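Just so you know, these numbers come straight off a predicted model, no measurement behind them.
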Amino acid sequence: MIKHRKTAAFLSVIAMGFGQIYNRQYLKGTLFFLLHLGGIGLATLLPRALWGIVTLGEQADRLEKVGKVYMNIRGDHSIFLLIEGMIVLLALAVIVALYMANIRDAYRVGLIREQGSKAPSFKDTLQRLGGESFPNMIISLPVLLVLFFTVMPIIFMVLLAFTNYSAPNYLPPAKLVDWTGLQGFKDIFTIKAWNQTFFGVALWTLIWTVCATLTTFCAGFGVALMVQRKGIRFKGFWRTLFIIPYAIPQFISLLIMRNMFNGEFGPINQYLAYFGLGGLPWLTDPFWAKVTVIIVNIWIGFPLTMLMIIGILSTISRDLYEAAEIDGASSFQQFRAITFPTVMFSFGPLLVMSFAGNINNFNLIYLLTNGNPANSSYQSAGSTDILITWLYKLTMDSGKYNYASIIGIFIFILVASLAVSNIRKTKAFKEEDSYK
């Protein structure tokens, strides 16, 4: 018996498409061979890609005298070389994956031939792609997009953290960027100006995240209980009224709140003066500015929590409460034994997501306070800046791209570790595992 599968697989190892052509799938084999030629062309770029990633360039822009005129001669752009190298490596990784798929396909079709069946035609292959392989085909494009537009930027950010890419001394193309290893991480933790800012901003980020998450949850939970309480009239009206803060675009709400809390002409201080109370420095004092962002976040964040919890409360059977009343349970006991556990079972993972989202709540901090008031002890950060807004300022205002990348890595590790560990501890996750 002819071992078609081994022969086809061996030929596919030599070149993509050869195994398919051996299996008499000429059109499919031709397409694979064209991919093979494209891979060879891409492989010719590999030496320069590796050189660019390793060296980040060898010659910066320079002036050279041409005749009687000095001309600017373009040199190497370190960042472009790094990006181009990453694109080539990721594209080659895709080609390698297709190369392995080509070998598996040739082996599979060869096995079909050994069993006495005819090799599938190109039409049969298309029908298979539209049938049992349809999910894999559909998901392949999003995977490629994620690879080049999500994974690659993350890798790029991580690599920048190990360079000296910052303005004005190391800003290409006028200057070359160099690999510095862990020097940037060392600076963050050893240089006073940087470590004071890092630990101060990180501590406030943690306080802000905990307060923002708990206050919006408690406020939304409380309002949901009041709206869903038995005997409350006009429930539809109250739900509509409380959802208005969420319905208004957040950008508009934050600008309105910024004016309302203005210490000089804001209406809130005017109301306080009307009652004989002194105005407060809502946005100009470090402590009150932090209180203000938490208060505003409650106003903007509680409606969504309220709606979600109302949906959960509506699924709880009234029989449970009636049975509890027959057993003599008080309203508080019913809440502790029935309402709260049921809500947390469904809302627990969402609470973890809310916690992770508040760590990166850029809009509220930046639009409401812009990280102010200023803090003379901080490096490119204000008193209300959280890690994500500090990262933005390091990038856009100061040009400290390497330090911003280090902060980005820290945020990623913090969010990922907290989210994964807490979701795994939630009851909903454990219940899901028990059903498998």
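For the side-chain hydrogen bond (donor to acceptor under 3.5 Å, both in side chains) test, residues two or more places apart in sequence or in another chain that qualify with Glu58 are Trp51. Under the rule for a ring-ring contact (aromatic ring centres under 6.0 Å, His included), Phe302 has no partner lying at least two apart in sequence or in another chain. In this view, Phe80 and His77 satisfy the ring-ring contact (aromatic ring centres under 6.0 Å, His included) rule, not counting sequence neighbours. Partners of Thr215 according to the side-chain contact (heavy atoms from CB on, under 4.5 Å) rule, which considers only residues two or more places apart in sequence or in another chain, are Ile294, Ile298. Under the ring-ring contact (aromatic ring centres under 6.0 Å, His included) criterion, Phe410 pairs with Phe198, sequence neighbours left out. Applying the ring-ring contact (aromatic ring centres under 6.0 Å, His included) test to Tyr170 and every residue at least two apart in sequence or in another chain returns nothing.
Sorted by first and then second residue, the side chain to side chain donor-acceptor pair (under 3.5 Å) pairs with a member in residues 293-320 form an empty list; sequence neighbours excluded. Residue pairs meeting the salt bridge (Lys or Arg N to Asp or Glu O under 4.0 Å) criterion with at least one member in residues 394-407, sequence neighbours excluded, do not occur. Residue pairs meeting the salt bridge (Lys or Arg N to Asp or Glu O under 4.0 Å) criterion with at least one partner in residues 167-183, sequence neighbours excluded, are absent. Among pairs with a residue in residues 373-390, those fulfilling salt bridge (Lys or Arg N to Asp or Glu O under 4.0 Å) read Asp385-Lys393, at least two apart in sequence or across chains. Each side chain to side chain donor-acceptor pair (under 3.5 Å) pair with one or both residues in residues 183-193, not counting sequence neighbours, appears once here: Gln183-Asp187, Asp187-Tyr403.
In this structure, Phe347 has its ring center under 6.0 Å from that of Phe217.
Looking at Ser78, its side chain does come within 3.5 Å of a backbone N or O of Val177 through a donor-acceptor pair.
Classification of Glu114 and Arg5 as a salt-bridged pair holds, one side-chain N sitting under 4.0 Å from a carboxylate O.
Around atom CD1 of Ile139, no more than 12 heavy atoms belonging to other residues, nucleotides or ligands sit under 6.0 Å away.
Trp208 does not carry Lys290 over the face of its six-membered ring by the limits of under 6.0 Å from the centre and within 45° of the normal.
Ser405 and Tyr165 are not linked by any side-chain donor-acceptor pair at a separation below 3.5 angstrom, with hydrogens and angles left out of the test.
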Contacts under 3.5 angstrom, residues 26-34 side chains, donor-acceptor by atom type, not counting sequence neighbours:
from	atom 1	to	atom 2	distance (Å)
Lys28	NZ	Asp105	OD1	3.2
Lys28	NZ	Asp105	OD2	3.3
Thr30	OG1	Tyr26	O	2.7

